[in-house]
Student: 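One structure coming up, written as structure tokens, with questions to follow.
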Amino acid sequence: MRKPVIAGNWKMHNTISEALDLVRGVKPQVEGVTDVEIIVSPVYTALASVAAELKGSNINVASQNIFWEEKGAFTGEVAPNMITDAGCTHAIIGHSERRQYFGETDQTVNKRVKAALSVGLIPIVCVGETLEERDSGKTIAVVDVQVKGGLVELSAEDIAKIIIAYEPVWAIGTGKTATPDMAEEVHKQIRSVVADISDASIADGTRILYGGSVKPENVDDLMAQPNIDGALVGGAALKVDSFVRLVKFDQKRSAFK
Ligand code: 13P
């Protein structure tokens, strides 16, 4: 059984007070939800305040990035133990926006994944193809390389801790969602890559989230797919009602997982 994950990636939105308003709206409405892992990911400046507000609740906090060095002259970076110090349990790593705008590569993703694990943070490792790659039939090959590259040199025990998010770049913030079947095909492939680099039972327990224009209208169809174990959500995570609705997706349709 894989516990589903609904994670809100707030990207570069919300000041501290806006962030607190959002979680104060969500928290009472998801109280008592124990069968879904709920995560929110604010900007760095709001992490500590949001984590303090959510302490003792069923909502976990993730950073949107992490640096791999422990400390030192790295102006603008934030070290792994500073992320845990702020109250985070998870770190999003290798989001396509970081790959696209900030030079993230599979090698730097791998360094960040190792750094996160070294302090007990659960990495949410993002992979996904561009439109050009999809149109030229390279989706599976691209995603294979990203998963293997991001998780290289990890022990099976560490691979077992990781959450993977498949986010086709062309579906992010565009309103275009991969159809449930399109997403399922890639998720299934990701699970087989995880089995190749660890073993079948670890792959069977790995949560693989879908991201890219997930909203209340499509979450149930996506979550009903056998290999889709959750969602990493941008825009629809910024509003209380839509995020709560995503957390309360139709579990009856995905109960066989
Ligand atoms: P949207 O849900 O806004 O498409 O963003 C998806 C995403 O990038 C989550 O990390």
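Both counts, for ligands and for their atoms, begin at 1 and track the order of listing. Please read these numbers as outputs of a predicted model, since none were measured by experiment.
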Student: List the residues meeting side chain to side chain donor-acceptor pair (under 3.5 Å) with Lys114, not counting sequence neighbours, and say none if there are none.
Tutor: Asn110, Glu153

Student: List in chain and number order the residues that pass ring-ring contact (aromatic ring centres under 6.0 Å, His included) with Tyr44, two or more places apart in sequence or in another chain; answer none if no residue qualifies.
Tutor: none

Student: So, Asp158 side chain and Ser155 main chain: donor-acceptor pair closer than 3.5 Å or not?
Tutor: no

Student: For ligand 1, would you mind listing the residues that have at least one heavy atom less than 4.0 Å away, ordered by chain and number?
Tutor: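 Answer by chain and number: Asn9, Lys11, His95, Glu167, Ala171, Ile172, Gly173, Gly212, Ser213, Leu232, Val233, Gly234, Gly235.
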
Student: Determine yes or no for a side-chain-to-main-chain donor-acceptor pair under 3.5 angstrom, with Asn58 supplying the side chain and Val30 the backbone.
Tutor: yes

Student: With sequence neighbours excluded, give me every ring-ring contact (aromatic ring centres under 6.0 Å, His included) pair touching residues 136-193.
Tutor: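 Found Tyr166-His187.
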
Student: Does Glu70 have more than 12 heavy atoms from other residues, nucleotides or ligands lying within 6.0 Å of its CD?
Tutor: no

